[in-house]
Enquirer: 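The following block contains the structure, expressed as structure tokens.
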2 protein chains.
Amino acid sequence: MHKLDESLLAGIPPFRKLERAQIREILDAAQALRFDGGVAVFSEGMPVERFFLLLDGHIRVVRTTPGGEQIIALHISPGQLFGIGAAIGRTTYPATAMTADDCVALAWPNRLWPVFVENYEGFATETYKVVGERVGEMNNRIVEMATQQVEQRIANAILRLVTQTGRKVEGGIEIGMPITRQNLSDMTGSTLHTVSRLLSGWERDGIVLSERRKITVTAPHRLVMLSGAAG
Amino acid sequence: MHKLDESLLAGIPPFRKLERAQIREILDAAQALRFDGGVAVFSEGMPVERFFLLLDGHIRVVRTTPGGEQIIALHISPGQLFGIGAAIGRTTYPATAMTADDCVALAWPNRLWPVFVENYEGFATETYKVVGERVGEMNNRIVEMATQQVEQRIANAILRLVTQTGRKVEGGIEIGMPITRQNLSDMTGSTLHTVSRLLSGWERDGIVLSERRKITVTAPHRLVMLSGAAG
DNA sequence: CGAAGCTTTGACCTTGATCAATACGAGTGG
DNA sequence: CCACTCGTATTGATCAAGGTCAAAGCTTCG
């Protein structure tokens with residue numbers, strides 16, 4: 001295994017305030033992992049043994065109901081910590097982490113969590129800020145689900161994906177990870193049929209372009225209108 | 001102002017591991033507050049200046065949409081910390097805290113948060129455990145909203161209230177705080193009409209008893225069945 | 001080429017929202 | 001004490017959003 005480069009952690013919030021030497025220590029304690037697309041990094045209910053940092057690829061955090069339906073709780077982009085149950089006193093993972101495409105991640109054993117918190121100034125604060133953001137996002141989802149129509153929820157889901165993973169391409173902004181109608185319906189508590197119908201409509205109206213597992217937003221402002229952001 | 005008694009904080013998780021003298025310090029730094037029912041302790045968007053511990057009464061954590069609809073994100077029972085945005089790096093409150101009935105709370109200025117974390121062993125860990133529980137609860141709500149029918153969501157909402165605030169009375173378990181049809185609809189993203197119809201039906205079937213702003217569950221097991229806990 | 005996964009589209013039906021009317025209880029002021 | 005009002009609750013009638021059922025087409029891949 002080759003040595004990991006220190007620049008990997010340079011810009012990432014929890015590590016931002018650290019010395020070069022400290023980052024070296026952290027990297028030396030890390031295990032680097034590769035995953036194919038569509039596999040589980042960890043599963044709901046498993047004991048929390050490690051925490052992760054996603055370096056490349058995209059991860060869907062998924063919960064499954066007793067009835068077998070699944071809903072996507074969260075997406076993780078490169079540079080984000082995930083599986084941080086340790087930070088909030090969980091002993092088992094509350095959800096499953098599925099890779100959406102090929103992924104590279106670092107992993108540390110759980111027992112290092114308190115060590116990092118103890119030794120690295122700002123690590124705890126920055127991490128809890130991330131937790132805070134996710135709580136905020138979850139809160140928004142709850143409000144959305146409770147008050148908005150399916151069309152608005154789907155518009156919001158797409159906008160969220162765009163801001164999190166979007167990249168500019170000719171003619172619009174493309175979502176940087178593979179995404180199916182089914183995925184979108186799992187994010188919004190809807191059905192793939194409804195999502196398909198809506199996307200077809202939007203494509204007819206020139207708001208999006210979509211191919212198999214790919215969506216490009218050509219008129220973001222109009223999507224924002226549709227999302228019900230109180231025009 | 002009379003001195004606060006140390007027993008107040010005795011059994012409360014974040015303070016559980018502390019010495020008597022430490023509890024004294026904490027209490028001396030606290031401000032005791034009284035609120036009538038139906039008022040805001042703090043409001044969405046306000047800067048986070050204090051954190052609170054609810055001693056008596058009940059609090060609804062509420063978010064309001066641009067369109068004026070409101071949804072209830074969380075209920076706080078006596079003994080719980082709330083308004084702890086400081087813990088997760090928030091600078092403004094993400095929601096409004098409304099008293100459901102008359103309340104008594106302690107408040108500390110925000111700058112004491114890091115002091116508590118620093119000086120009192122276990123304070124941080126226990127608090128983050130609380131955060132973790134709330135995150136879990138929010139997650140469940142999202143899944144519920146995405147996959148369940150209104151009837152199941154309302155059953156679940158009532159069951160949650162029962163476990164959080166229920167007290168045994170003759171003939172069943174009574175929810176320990178005032179709760180209207182409208183409140184229930186705000187918790188489930190439904191309407192007071194639908195809630196009323198369902199409760200009427202349940203009352204006819206002998207599952208609940210309800211008066212004005214009061215609900216008593218007479219057949220909890222049947223409510224659990226209805227809640228869709230995979231029978 | 002067949003199979004599996006993704007997408008589209010039409011027809012139909014159920015859930016629960018909306019509209020509307022009424023009633024009841026509790027607090028307030030005359 | 002009564003009239004008024006406001007917040008709460010009930011119930012019926014109607015309607016539409018979106019789920020379900022069904023069928024078929026298109027890609028990609030082994």
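Proteins come first, then strands; the chains are lettered A, B, ... in the order of their sequence lines, and each starts at number 1.
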Enquirer: Could you tell me how the ring of A/F42 sits relative to the ring of A/F82: parallel (under 30°), tilted (30 to 60°) or perpendicular (over 60°)?
Expert: parallel
Enquirer: Across nucleotides 24-30 of chain D, 5' to 3', mark each nucleotide with B, S or - according to how protein heavy atoms within less than 4.0 Å reach it.
Expert: ---BS--
Enquirer: To the nearest Å, give me how far apart NZ (B/K214) and P (C/dA26) are.
Expert: 12 Å
Enquirer: Any side-chain N or O of A/S196 below 4.0 angstrom from OP1/OP2 of C/dT7?
Expert: no
Enquirer: Using a strict threshold of under 4.0 Å (side-chain N to carboxylate O), is an ion pair present between A/E144 and A/R141?
Expert: no
Enquirer: Would you mind classifying the nucleic acid contact of A/L192 as base, sugar-phosphate or nothing, using non-hydrogen atoms under 4.0 angstrom?
Expert: base
Enquirer: Reading DNA chain C from 5' onward, which residue's closest nucleotide shows up sooner: B/R153 or A/T180?
Expert: A/T180
Enquirer: Rounded to the nearest 0.5 Å, what separation is found between the CZ atom of A/R34 and the OG1 atom of A/T99?
Expert: 9.5 Å
Enquirer: Just to confirm, is there a sub-4.0 Å distance from OP1 or OP2 of C/dT7 to any side-chain nitrogen or oxygen of A/S200?
Expert: no
Enquirer: Give a yes/no on whether any side-chain N or O of B/T194 is located under 4.0 angstrom from OP1 or OP2 of C/dG16.
Expert: no
Enquirer: Name the one of A/I154, A/L161, A/I71 that satisfies side-chain contact (heavy atoms from CB on, under 4.5 Å) with A/M187?
Expert: A/L161
Enquirer: It should be established whether B/T191 places a side-chain nitrogen or oxygen under 4.0 Å from OP1 or OP2 of nucleotide C/dT18.
Expert: no
Enquirer: Tell me if a side-chain donor or acceptor on B/H58 pairs with a main-chain N or O of B/G176 at a distance below 3.5 Å.
Expert: yes
Enquirer: Side-chain donor or acceptor of A/H193 under 3.5 Å from a matching atom on the base of C/dT7?
Expert: no
Enquirer: C/dG16 phosphate, OP1 or OP2: any side-chain N/O from B/S190 under 4.0 angstrom?
Expert: no
Enquirer: Hey, does the side-chain of A/R197 have a donor or acceptor N/O within less than 3.5 Å of a partner on the base of D/dT20?
Expert: yes
Enquirer: What distance separates B/R213 CZ from B/R181 CZ, expressed to the nearest 0.5 Å?
Expert: 11.5 Å
